[in-house]
Each structure stands twice: as structure tokens, then as C-alpha cells.
Amino acid sequence: MRARYPDRDGFVVRDGIKVAFEVYENHNPTILLMPTWSIVHSRHWKAQIPYLARHFRVVTFDGRGNGRSDRPTQSAAYADTEFVEDAVAVLDATATDRAVVAGVSLGAHWTALLAGLHPGRVTGAVLIGPTTSLVSVPHPKRALPPFGEALGASDGWAKYNMHYWRREYLDFAEFFFSQVFSEPHSTKQREDAVSWAQDTDPETLIAAEMVDPIASDVAQVALAGIRCQVLVIHGTDDRISPTTAGIALAKATGGALLSIEGGGHLPQARDPIRVNLAIKAFVDHVGRSGVLA
Amino acid sequence: MRARLCDIEGFVERDDVKIGYEVHGDGDPTVLLIPPSPITHARSWKGQIHHLARRYRVVTFDGRGSGRSDRPAKPDAHRDGEAVGDILGVLDAVGADQAILVAHCHAVYWSFLTAAAHPDRVSGVVAISPGVPFLGALNENFVDANAHWEDEVSAPEGWRMYNRSYWRRGGYENWIRFWFYTLAVEPHSSKPVEDMVTWALETDPETMILAAERNSGATLEAVEALCRSLQCPVLVLHGTEDRCQLPARGERVAELTGGRLVLMEGVGHLAPGREPVLVNRHITSFVDSIGGKPMRSQTWTRGLSRRRKALYVSSPIGLGHARRDIAIADELTKLAPDLEVEWLAQPPVTNVLEAAGHSIHPASRWLVSETAHWSSEAAGHDLNAFQALRRMDEILVANFMVFQEVVEEGSYDVVIADEAWDIDHFWHENPELKRGSHVWMTDFVGFVPMADGGAEEATLTADYNAEMIELVARHPRIRDRAVFVGSPDDVIPDLLGPDLPSTRDWTTDHFSFSGYITGFTPPDIDAIAAMRDRFGYRDGEQVCLVSVGGSGVGRALLEKVVLAYPYAKKELPDLRMVVVTGPQIAPESLAVPEGVEVVGYIDRLHRHLSVCDLAIVQGGLTTTMELTAARRPFLYFPLRNHFEQTRHVRYRLDRYRAGRAMDFYQSEPEDVAAAMAAELGRSIDYLPVETDGASRAAHLISELI
């Protein structure tokens, strides 16, 4: 059973691709909770929704490639800008002029792009464990092996490989989320994420993985276009996206940084109380500065 | 002593009326505190100023008719418009284009008039018990009194003392006392009431009459329109038991201004004085919400990733606490090696801590000096400790606010408060603020009235003791552990007050006992000989050390004792007297008879005391118990009117059969000399002092981490 069910749901369709959204009605402001990498769907916000929905209007959607949304087979359908335009379409479909937008990991990247490319729609951005090319930060630990090449090894990050996914997708998902949730005693969070990963399939994720990254000039325009207030939340033990990325992004956007000492890549799932309180305080703060009025 | 002195003071002069203002701090934004004059003045914000001035530029002034401001005799000079002019005049004088106004009672009306007429100057109003006329119902007693304001009556009672002719015939003081006792509905409010009465008596009845007869010329429609016209944010704070401004008025003000209403359940009219912590926090969060400051970056540590941390708050009164607290912390670190201990403390304790390599929290620099307050309270060999503690109220508020910020940022597992009265008291009064476990430590329980204070002081000490008993009974979760530094037998048997339990019974029921903690091990015979040799105390010499510790209180004792030397020397030819003046008294400033040696500071004086032949000291617990532990003969002179020294310490020393108590004011130098000879000749049959106290205390604390 979910702690809270949506008051209504629906689809937006762009270029024949259906994207499913859910709305938890309340008074404004609206909080838009962005999807992240299609390996999971909007249930990754399950610990936020019941709380935030008591205070604000909450809108979520499943990113293309998982959940109740379509799973296009063309890589181009997974371009960063497609997720950004899906978000705009969801805002339109839910009659949401402006929202505070929160995103995790790749979702934080799209949140920042949304804020920069559509500044009139975003009053505040919460960027959690951002995995983003908007700031260039060398990853200290992880150098990924070639994704498309058949590898002899299948240890550790060698599992991050197209051929391995086709063979041992579940094992990859278990490995990946063991890295995502680096905090001790994270069994339930890993279980949840692995089960959501099984709601999609390796071919969909491979298609998404093969997409070209956003052009750097577009990225720079987007970064320069961010005018709203920003809160970056980043775990110091994030093994997917280095803490330095969060620090750099906070600096580049003039945002505040909430550093979670000992936290991994998805603190909204692993440290839900702290993240919930931080999002609430951020929305209240944005509200006081008059932007939401 | 005040918690904070102003940085700038000055006067604004308007039509020959001078208005005195003060500026505290230089932060941003400017916050103007407006007292409801002339019945009170800027001092009524004493619980707010230190706290707010650490963040903002705080400006306050004495309204016309009060404090340092003039008392104009013309009725026109007391119109509401003049108050508005004074507010603007003060803002101009301090160069404030814009300010947040914080006002109490009828001063809220002036702040609204100012904000409405000059919206560009006012960015927000905190309206405490807003006295905006016509809104809501009036207290019927006040309506009745008002109707009889001009009556010629001989001896009015109660509310009817609000009477012009009665005030002119000398009844003003009676009315003021009645008024503030009526307004202070909260139990145990003696100090705020005393303050308000004192300030109200600093103006005069004629000025009060002019203010009372001020005709605002306003109507219900006009004040409603005024409230509706305000463009800035408004915060209304109102006690539900306010008898001056009924809470319905605050509710109506909030409704009309679109402001936020905070009702304070059970609070009366004197919230800034009686609920300073709550009021401070509301003002701060209101000001911060208007300031538009960006969110701060911060770090939050996952529960399992945290190091164990303790915040040790060591009372600054006397260095004895520092030594025992370091001893406890050392024992605690043995039991929990990963424990990180941070200290919130002030000089002179910080000097000892720094020398021992302990980590002092940087916020310690914000603490107001309690030592300076105690020195300021002493006269001769007289210090009324109870009244001094009462008068330390604004310092306790100021220091508590600093402490609370530290615990909210620091995620401590435990707070160890060694006689840090502010923490224990204000956490009980504001239980929602408690963070971490709380260990309360003390070496005495209960205020004791002094004879000089008469019946009034007996009433007050009983009231304070009753408040302690009630707070602890109501909120047992605040003290996770209460440690009495001593044994049950050390606790005085006196009743805490009429109809209250005995101090010993109550303490035994509510405390664990660590035994006494000296913080050092007394030297054995061999060590004594070696130390005497090192200190230059020769064989055959009877070394008498005279010391008054580290405070400036005690010059009178030194001056008296040295005069005893010639008399004593006749009886005791081997006598050698060494006077240690301590850091606060210059050795050369002390005139002494020939033969008396005077030194300023001696490092680790307790080591000298532990090997001397005779000591002459004040009545403080630390030094006398060090002498008891070291089994030295000593004379001690409790400070007159110091309830702890004259009652608690003496009772404990009597139990140990240690030392000879002396009355400073009854002892002539010849008497002191005779007592010296007698004490030197007595056999030492002191009860032994515990040596495991620090370890026992540490075990009691460690169970919480």
C-alpha cells in the first residue's frame, strides 16, 4: 500500500510518446518532482510525496523508459531536452504556471536545464546528488569501461556494460544500487530500487544510454539562464556522482549546499526525514522571498 | 550589570524635547525597539538587546516622558503624532533609511501610524500585545477605572487606583505596584515585576497624567483603516492572559493587517520580560524572513556517521569548577575514548582550559562575563549572592541564547552543565528547545534567605525554590541526570520554604551523588616535604597563606588579615605570612605591615595551599574543600549575605569538621590573630574527602552516551 495515492493522474503525449503524471492536489505552490535515470520511476519519491503533499501541491511523472510511461526504442527519444520538454508538458497539462522543481542524480541535471531554459516556470530548484555535465568535475573513483564493447571481466564497474546488461541485468542492478546506497543497513532501499529497475528492461536502458549528451553550448546557455534560488543536497559518500559536482553546481548557481556527511547517492530515499525537512524549508524560504506570491 | 552596553548613544531634539537613543551592534537590518512610554523605557527590552544585537543593528530609545528623555509639561507634546515624530527622528539620527519596528502595548499603535505614513521607512512590525485603540473588547475593570479617572476619592482600591487625584496625592506608586502585579499573571514573576515598577517610578505622576489624558482623536473606522493600509509584514505576539490588552485585540490586529498571529498560552502582558527566550526567537525568525537573506549552506551528518560529542558548560564563577570539570571530562574520555568534548566557557575558566589543551567553542566569545557581574555586586566583604543572581537575569538570557544556537548547530549527544543556571532554567521554561541529553551538576541546592533581607527575601527565596521544584516536577525529561557534587549528608536540612520539602529530602529524591570532586590528589608526606622545599617553605617555619582566589572580591579581607600579622607574630615567632592577591588586585596596591610578603599570581595556588601550615581564605567551597582534602588548618571568612558561603558551604565544612568559620565584620585583627594561633594548635580530625568523585560523576554521565 502506498502512504498516499494521487488525486488524479493522466498522460501527456509528445511525438507519439506517452508520459504518465500524477497530481496530489493542495494549495500552491506546486512542487514538481522530476524523474531520474529510467532505471527507476517516480516511486523513488515515495518518502517525499506524503509529507510534501500535506504542505504543497505535488506533481510527479514517470520518465520515459519506465513506470507507466512509454519505452521508446530510439536513443534520440532519451535526449536531455526531451525530459525537459516532458516536464514542461506536464506543467502545462496540470495547469501549473510555475513550480519549485526537485530532481535527483540525472534528474537534478534535467531540473537545472529546466530552470535555465524555462526560467519563467521554475521558482526554485532542489538538485540532489546531481549527475550533470553542466559543471565539469573529474570523477575521483570511477572510470567506466567502454559501454558497448564485449569485456572479459565482469567485476564491479565492468558490469556497466551493454553486453552484461543483456546477460545479467538483475546482477547489474543489484551491483549498481549497492553502490548507490553506500550507507550501511540499506537493504530496503536497495530492494526497492532493484524492483523498480525490473519494471523496465535492458534494451530500453541501452537505448537511453546511447543518446548523445547535451551540446555543451546549450548546456552553458542553460546554466547561465538559471535565475531561481537553488539548493544542492549532496552526500559525502556519493559513489556515483562526486561531492565536488554538488559543490561546483552550488557555486555556479549561487545556491546553498546541504552536505550530508556519510550520505550516498540517493539521500531522498536513505535519509528521507532530513531531505523532506530541507525541501520544506527551501520552499518556505523561496515563498518568503516573494517569488511564489 | 547589563548584558550589553550600547555602542553609540545620543539625543534627538524636536521642539526643545530631547529624546535619548542607543545603538547596539552594526548588523543588518536595523531593528528599532519601541517601548510603551512613559510608563517604561528602553530598559524594558533588556532581555532582547544582547541577542538581537549579535545579528542586527538594534536601536532603542526612551520615549518622551521616560528614562533619559525629557518630560515635557505641555499636553500637546504627548500627542501620538509626536511619538511618530520621535520614531522618525531617531531613525534619521542613526541614518536608518528603513527599519523593522518592534513595539509593545500602545507603542504598537505608534509603530502602525509610522508605517502607514512612511511605508518606505518600515519593512515590518512586530506587534507585542498590540495596544491599538478601539479594536476588540476592553478589560471591564479598566473601563470602570477610566470612568472614575477624574473622581476625587480619598483611598481608592484596586483598579480604581487609576485615578488622577490619587496619583497627585502620592498614590501613583501604589497604583504602579498594583498594576504590574496584576499584569504578571505567570507565577514566579517577581523580577520582571520589580523591574517594571522600578522603571515606572522613574517618571512622575504629572507626566503619566498627561499621557493618560492624551486624546488620540481616532475612531474605530480610522484604526481599522490604518491596520488595513499597512503594506509591510506584521507579526502579532499576544499572551492569552493579557489583562492590559485583551488577546481579542491582537487577533483583530492580525486579521486586519493580514499579519501572523502567535498566541502565547498562559502568558500575560509582560512577554518581553517574562518570556524573553520565546520573544527573542520569534523576533529573530520574523526579521530573518524579511531580510531576504540567502539560505545558508550547512552540513548534516547521518546518525551512524556521527562522532560522539559532548558540550561541557562550565560555570565561570570561581576557578574551582574548571578543575573539577576537567577532572570529570578526563575520566569521561577514559570511559568513552571516541568522545569529543567541546567547552562553552568564559574567562577565567577558558584560561585553565586552554592551558590544558581543551577545545573551546568559538561561540564562547559571545558570552557575557558573569565574573564581572559578581565583582560588580560585591561591596567590602558583602555580596548578596541570591540578589546578585536575580540581577543577573538579563545576562542569563543573553548567554542562554548563545548556548541554544550552539546546541542547535552542534548535534551534541550530551550537554553537561555544571551550575550553568541559564541552561537548566530556560530549558525547563522552554522545554521544546532541549537538544541532546542534559546532565545538571551542582554543589548546592536551594536559595537561603539572609537575615539582612528580612521577610521579603524569605518570600523571594521560597518563590524561587518553589519554581525550581515545580519546573522539575512538570518536566522530568529535561534533566536526564542530576548530579550533586557531594554526599546526601552535605545537603542542608533547611526547608526550601514554608510548605516546601526539606532541601535534603528533595535533593535526595532528585539527584545522584558523586561525592566531592577536588580535581586533584592531595600530596602525601613525602610529596609535601618535596613541595615545601621547592616552594621555599623552610623547616621550622609556620607558613600562613592568605588568598581570596581569582576574583576582585576580597580586598577588604586581605586588608584586615594583614593587620593581624603583628599580633600573631608575637604569639607565633615562627610565623611567615604570604599574601596572594590574585590576578585582579595589584600586589603593590596593598599596604602591609613589615614582615608580610605579598605576591600577585601563583601558578596552581592549590598546590601551595595543600602544603602550607595555615590558610586564611574566603568561604568559597572549592578552596575550603581543597584545604580539607589536604588536611590543612584554615580560617575562612564567608562573604556576608552570601547564602552559599554562609549556609551551604559552612554546613558542609562543619560535617567534615574542617576549618574555623570567622565573621568578617565581628573580627578585629587581634581576634584574627588569636584564631590563627588556636587553629594552628588544633589537631586535624577532618573526615577524609572522597578521591573518586570525578570517576563517579563520569560514570553517571557515560550512561547517557
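- Considering CD1 of A/I260 and OG1 of B/T301, their distance stands at 9.5 Å, rounded to 0.5 Å.
- Here the closest non-hydrogen pair linking A/G262 and B/R302 is O-CD, 3.1 Å.
- The closest donor-acceptor contact from the side chain of A/S259 to the backbone of B/T299 lies at 3.5 Å or more, if one exists at all.
- Enclosure of atom CD in B/E408 by more than 12 non-hydrogen atoms of other residues, nucleotides or ligands within 6.0 angstrom is indicated.
- Counting non-hydrogen atoms of neighbouring residues, nucleotides and ligands closer than 6.0 angstrom, the CG atom of B/D97 reaches no more than 12 such neighbours.
- By the 4.5 Å heavy-atom criterion applied to side chains, A/H185 and B/L304 are counted as neighbours.
- For CZ of B/R296, the number of neighbouring non-hydrogen atoms (other residues, nucleotides, ligands) closer than 6.0 Å is 12 at most.
- Atom CZ of B/R260 is surrounded by 12 or fewer heavy atoms from other residues, nucleotides or ligands within 6.0 Å.
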